[in-house]
Amino acid sequence: MLTQNTAWVNVERAIDRLRAAGALTAVELLARPEAEIASLIRPAGYFNVKAVRLRAACRWWLAEAATAASQDTASLRRSLLAVHGIGPETADDILLYAFERPVFVVDAYTRRLFGRFGLPQHDAAYDLLRGWVEGVLGPDVPALGQLHARIVELCKNHCRPRPRCGECPLLATCPRLGVAAGD
DNA sequence: CTCCAGTCCA
DNA sequence: TGGACCGGAG
């Protein structure tokens, strides 16, 4: 939630501050005033809205986490999406990495990379693009996590808004072949 | 579509 | 110094 539209380096600072304040667990975070949480996560930006969202997520965790394991993935996703501040991408992050469910996380990086590779799916609605990747990889949790993580790394280092194709490991197979102009 | 917001870096 | 940052709600 802290990393929603926010650079990861700033998220790490916010997490460090929460940890230093002893507010990294759901119980501890909920025990503090919302204004204090907002102050602690200030480096991550959007701190007022994110403080509200973190509280909502912690309440969900305390109420639902115990029975989450027994729920099927579709039900668990609906439950997560009902939480204020958890949209499709955040829900799938939690499903894949926290609950180890076989889902693919679609993010801005995925759409940018797929678009540059000429895949028509890059514009598709969230669930369509997610389902397409899941169909290609199959219900393989490690593979789904690896692909998402590698897309993130690739797009942070090379496939940026202004492409840095020089050292890109995909240069040989990229349709753009280092045409580093525009997007 | 617009707002939310601090931080980094070319 | 302005764009960009692993989105989501109203």
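Lettering of chains follows the sequences in order, A, B, ..., and the numbering in each one begins at 1.
- Under the ring-ring contact (aromatic ring centres under 6.0 Å, His included) criterion, the residue pairs touching residues 136-168 of chain A are A/Y97-A/H148, with sequence neighbours excluded.
- At the heavy-atom level, A/R111 lies nowhere under 4.0 Å from the strands shown.
- Counting only residues at least two apart or on different chains, the salt bridge (charged side-chain N to carboxylate O under 4.0 Å, His left out) pairs with a member in residues 74-99 of chain A are A/R77-A/D92, A/D92-A/R130.
- The stretch residues 49-62 of chain A touches DNA chain C through A/R53, each having a heavy atom within less than 4.0 Å of the strand.
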Show me the donor-acceptor pairs, under 3.5 Å and distance only, between side chains in residues 98-105 of chain A and residues at least two apart or in other chains.
{"from": "A/R101", "atom 1": "NH1", "to": "A/Q71", "atom 2": "O", "distance (Å)": "2.9"}
{"from": "A/R101", "atom 1": "NH1", "to": "A/T73", "atom 2": "OG1", "distance (Å)": "3.1"}
{"from": "A/R101", "atom 1": "NH2", "to": "A/A68", "atom 2": "O", "distance (Å)": "3.2"}
{"from": "A/R101", "atom 1": "NH2", "to": "A/Q71", "atom 2": "O", "distance (Å)": "3.0"}

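- Put simply, chain A comes within 4.0 Å of DNA chain B, heavy atom to any atom, from B/dC4 to B/dA10, going 5' to 3'.
- Near-neighbour residues of DNA chain C inside residues 83-95 of chain A, defined by a heavy atom below 4.0 Å, number-ordered: A/V83, A/H84, A/G85, A/I86, A/G87, A/P88, A/E89, A/T90.
- The side chain to side chain contact (heavy atoms under 4.5 Å, CB included) check on A/V11 picks up A/L2, A/T3, A/T6, A/W8, A/I15, with sequence neighbours excluded.
- Sequence neighbours left out, not one pair with a member in residues 44-58 of chain A passes salt bridge (charged side-chain N to carboxylate O under 4.0 Å, His left out).
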> For DNA chain B, what string of dots and brackets results from 5' to 3' when Watson-Crick and G-U pairs need both distances under 3.5 Å, crossing pairs get [ ], and pairs with another strand get |?
Replying inline: ||||.|||||
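- When every heavy atom of A/A14 is checked against every heavy atom of A/A44, the shortest pair comes out as CB-CB, 3.8 Å.
- Not counting sequence neighbours, A/N48 has no partner by the side-chain hydrogen bond (donor to acceptor under 3.5 Å, both in side chains) test.
- Atom CD in A/Q4 sits roughly 17 Å away from atom C1' in C/dA4 (whole-Å rounding).
- Spacing between C/dG10 and B/dA5 at atom P, rounded to whole Å, works out to 14 Å.
- Listed by first then second residue, pairs satisfying salt bridge (charged side-chain N to carboxylate O under 4.0 Å, His left out) with a partner in residues 138-160 of chain A number zero, not counting sequence neighbours.
- DNA chain B is contacted by both A/G45 and A/V9; A/G45 maps to the nucleotide lying nearer its 5′ end (nearest heavy atom per residue).
- B/dT2 and C/dG3 have their P atoms separated by 16 Å, with the value rounded to a whole Å.
- Taking atom CZ on A/R164 and atom C1' on C/dG3, their separation rounds to 13 Å, with Å as the unit.
- A/R17 contributes a side-chain N or O that, together with a main-chain N or O of A/L40, makes up a donor-acceptor pair within less than 3.5 Å.
- For the pair A/L80 CG and C/dG7 C1', the interatomic distance rounds to 15 Å; values are reported in whole Å.
- Comparing A/R160 and A/A7 by the nucleotide of DNA chain B that holds the closest heavy atom to each, the one mapping nearer the 5' end is A/A7.
- Separating the CZ atom of A/R162 from the C1' atom of C/dA4 is a distance of 11 Å, rounded to the nearest angstrom.
- Other residues, nucleotides and ligands contribute only 12 or fewer heavy atoms inside 6.0 Å of the CH2 atom of A/W61.
- For the residue pair A/Q4 / A/T90, a side-chain donor-acceptor distance below 3.5 Å is found, with atom types taken as modelled.
- Remark: the backbone N or O of A/C159 is paired with a side-chain donor or acceptor of A/R112 at under 3.5 angstrom.
- Atom CD1 of A/I41 and atom P of C/dG7 are 16 Å apart (whole Å).
- A/L24 and A/W60 fall within the same hydrophobic cluster, defined by Ile, Leu, Val, Met, Phe, Trp and Tyr side-chain heavy atoms under 4.5 Å apart, directly or through other members.
- Within the structure, the salt bridge (charged side-chain N to carboxylate O under 4.0 Å, His left out) test picks out the following pairs touching residues 19-46 of chain A (sequence neighbours left out): A/D16-A/R19, A/E28-A/R32, A/R32-A/E36.
- Between the CG atom of A/N5 and the C1' atom of C/dA4 there is a distance of 9 Å, given to the nearest Å.
- The nearest whole Å value for the distance from the CE atom in A/M1 to the C1' atom in C/dC5 is 18 Å.
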